[in-house]
Colleague: 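What follows is a structure written as structure tokens; I'll ask about it next.
All ligand and atom numbering here is 1-based and tracks the order in the structure. The figures that follow rest on heavy atoms only: side chains count, while hydrogens, waters and symmetry mates do not.
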Amino acid sequence: MSIAIITGASSGIGEQFVRELAERRLASEFWLVARRAERMEALAEELGINAKIIPADLTSGEGIEKIREALESERPEVGFLINAAGFGNFGRFDELPESDMERMIDLNVKALVTITNLTVPFMTRGSRVIQLGSGSCFTPLYGFNVYAASKAFVLHYSKALYYELGERGIYVTCFCPGWVDTEFIGKALSRADVTRPKRMWPLLSCRRVVRGCVRASLKGRKMYVTNWFTRLQHLLFKLLPDGILSRAWIMMQRKGGSKNEESKS
Ligand SMILES: NC(=O)c1ccc[n+]([C@@H]2O[C@H](COP(=O)([O-])OP(=O)(O)OC[C@H]3O[C@@H](n4cnc5c(N)ncnc54)[C@H](OP(=O)(O)O)[C@@H]3O)[C@@H](O)[C@H]2O)c1
């Protein structure tokens, strides 16, 4: 059996993919990639899986080199690549520091493309790539501009790869969840005085959406949109001019703390 490479495996969606693939016995070995090694070690121990822990900051050249070196030295057969490492910070162009915007592009876009390029040569017919897009990838978003644009990139890139790699029998699925209950939201809201949504609703179960995505990937689907609300958004963004929907989204924003945050505290 082949190996699974999962970035962002230390929490949330990436961690849940490890659990799901392990439960379904879809890989004989797991390469877990993120910065927090101790979290990945604990996960591997809990699940009793054969794991290689790769502690790496994927916004850095050294982080990416670790994956390149491991692939070149071990030359494994890769059955799954799941690019789940990613983050988003709310805030308009004049509220977020440039460094935050650059890191979003470095991780959500550059690292995802580079890791895909490094890994595909080790894939064979029937292998799967899952790329983390988002429900935010369908339209430009006020106050979430770089993040939404980075995920729009992932969607277009993944759809093109679906056809390119399809010629080799490799399936690519772009995973587009709505808001999921992970550490993502707390981190996205970590800057107090920026424009942000009044409410992030509905909040989806990580286990449920990941399970759905694995099913979609095994069926060879190009895209997996998690729930009715996000599917409706997707449809409306296709049918209506983005000016109308952007105005609706702007009305749902406010400056400062969100209700989600208040309800947690
Ligand atoms: N939760 C949502 O509502 C939602 C909705 C749509 C799409 N998504 C997407 O889903 C993906 C996973 O997010 P999540 O919800 O699971 O959030 P999460 O719990 O915060 O997980 C993010 C993962 O990315 C890793 N990561 C962050 N920065 C990194 C870096 N510089 N280098 C290497 N790894 C890094 C984190 O590990 P370390 O901190 O240990 O490095 C963590 O494992 C992201 O691409 C996100 O954009 C999430």
Colleague: Between V180 and ligand 1, is there a nitrogen or oxygen pair with a distance under 3.5 Å?
Modeller: yes
Colleague: Below 4.0 angstrom, N of the basic side chain to O of the carboxylate: do K66 and E62 qualify?
Modeller: no
Colleague: Once you restrict to heavy atoms under 4.0 Å, what part of K151 touches ligand 1? Side chain, backbone, both or neither.
Modeller: side chain
Colleague: Parallel, tilted or perpendicular: which describes the rings of W201 and F229, with under 30° parallel and over 60° perpendicular?
Modeller: perpendicular
Colleague: So if I count the atoms of ligand 1 from 1 in the order they appear, which ones are less than 4.0 Å from some heavy atom of A56?
Modeller: 32 (N), 33 (C)
Colleague: Have a look at ligand 1 and work out which part of N108, if any, has a heavy atom under 4.0 Å from it: side chain, backbone, both or neither.
Modeller: neither
Colleague: Give the contacting part of C206 toward ligand 1: side chain, backbone, both or neither, where contact means a heavy-atom distance below 4.0 Å.
Modeller: neither
Colleague: Give a yes or no on whether a salt bridge exists between R39 and E46, defined as a side-chain N under 4.0 angstrom from a carboxylate O.
Modeller: no
Colleague: Numbering the atoms of ligand 1 from 1, which are under 4.0 Å from a heavy atom of T59?
Modeller: 31 (N)
Colleague: Numbering the atoms of ligand 1 from 1, which are under 4.0 Å from a heavy atom of Y147?
Modeller: 6 (C), 7 (C), 8 (N), 9 (C), 46 (C), 47 (O)
Colleague: Give the residue, atom name and distance (to 0.1 Å) of the protein heavy atom nearest atom 32 (N) of ligand 1.
Modeller: L58 N, 2.9 Å
Colleague: Please confirm whether the backbone N or O of C176 pairs with a side-chain atom of K151, one donor and one acceptor, at under 3.5 Å?
Modeller: no
Colleague: Hey, does G8 come in under 3.5 Å of ligand 1, counting only N/O atoms on both sides?
Modeller: yes
Colleague: Quick one: look up the protein heavy atom nearest atom 14 (P) of ligand 1 and list residue, atom name and how far away it is.
Modeller: T182 OG1, 3.4 Å
Colleague: Would you confirm whether R207, through its side chain, and Q16, through its main-chain N or O, come within 3.5 Å as a donor-acceptor pair?
Modeller: no
Colleague: Among all protein heavy atoms, pick the one closest to atom 27 (C) of ligand 1 and tell me residue, atom and distance.
Modeller: R35 NH2, 3.5 Å
Colleague: Going by the order shown, which atoms of ligand 1 are within less than 4.0 Å of some heavy atom of D57?
Modeller: 30 (C), 31 (N), 32 (N)
Colleague: Would you say G88 contacts ligand 1, with heavy atoms under 4.0 Å as the rule?
Modeller: no
Colleague: Could you check which of L132, I6, V210, L203 puts a non-hydrogen atom nearest to atom 10 (O) of ligand 1?
Modeller: L132
Colleague: Mind running side chain to side chain contact (heavy atoms under 4.5 Å, CB included) on F122 and R75 for me, showing each step along the way?
Modeller: CA-CA 7 Å; F122 298 94; R75 311 199 66 77; 3.8 Å; yes
Colleague: Looking at ligand 1, would G178 count as a contact under a 4.0 Å heavy-atom criterion?
Modeller: yes
Colleague: Could you go step by step and tell me if T226 and V180 meet the side chain to side chain contact (heavy atoms under 4.5 Å, CB included) rule?
Modeller: CA-CA 10 Å; T226 46; V180 185; 5.7 Å; no
Colleague: Should the pair F17 and F175 be assigned to parallel (<30°), tilted (30 to 60°) or perpendicular (>60°) ring geometry?
Modeller: perpendicular
Colleague: Which of the numbered atoms in ligand 1 are under 4.0 angstrom from any heavy atom belonging to G133?
Modeller: 7 (C)
Colleague: Does NZ or CZ of K187 lie under 6.0 Å from the centre of the six-membered ring of F87, at an angle within 45° of the ring axis?
Modeller: no
Colleague: So which heavy atom in the protein is nearest atom 37 (O) of ligand 1, and how far is it from that ligand atom?
Modeller: S10 OG, 2.8 Å
Colleague: Record the part of R103 in heavy-atom contact with ligand 1 below 4.0 Å; permitted values are side chain, backbone, both and neither.
Modeller: neither
Colleague: Looking only at protein heavy atoms, identify the closest one to atom 16 (O) of ligand 1 and say how far it is in Å.
Modeller: I13 N, 2.7 Å
Colleague: Any idea how F184 and Y147 line up, ring-wise: parallel (<30°), tilted (30 to 60°), or perpendicular (>60°)?
Modeller: tilted
Colleague: Can R36 and E15 be counted as an ion pair, charged N to O under 4.0 angstrom?
Modeller: no
Colleague: For atom 21 (O) of ligand 1, what's the nearest protein heavy atom and its distance?
Modeller: S11 OG, 3.2 Å
Colleague: Within the distance-only criterion (no hydrogens, no angle test), does the side chain of E95 pair as donor or acceptor with the backbone N or O of R92 below 3.5 angstrom?
Modeller: yes
Colleague: Which atoms of ligand 1 sit under 4.0 Å from any heavy atom of A84?
Modeller: 11 (C), 12 (C), 44 (C), 45 (O)
Colleague: Where's the contact between P177 and ligand 1, heavy-atom distance under 4.0 Å: side chain, backbone, both or neither?
Modeller: both
Colleague: Looking at non-hydrogen atoms alone, which of A188, S134, G12 comes nearest to atom 6 (C) of ligand 1?
Modeller: S134
Colleague: Under 4.0 Å from a heavy atom of W179: give me the atoms of ligand 1 that qualify, with their elements.
Modeller: 3 (O)
Colleague: Look at atom 22 (C) of ligand 1 and say which protein heavy atom is nearest, naming residue and atom and giving the distance to 0.1 Å.
Modeller: G86 O, 3.7 Å
Colleague: Could you tell me which atoms of ligand 1, counted from 1 in the order shown, lie closer than 4.0 angstrom to a heavy atom of K187?
Modeller: 18 (P), 20 (O)
Colleague: Charged N to carboxylate O below 4.0 Å: is that the case for R24 and E20?
Modeller: yes
Colleague: Is there a path of hydrophobic side-chain contacts, each under 4.5 Å between heavy atoms, that joins V129 and Y171?
Modeller: no
Colleague: Within the side chain of T116, is there an N or O that forms a donor-acceptor pair under 3.5 Å with the backbone of L112?
Modeller: yes
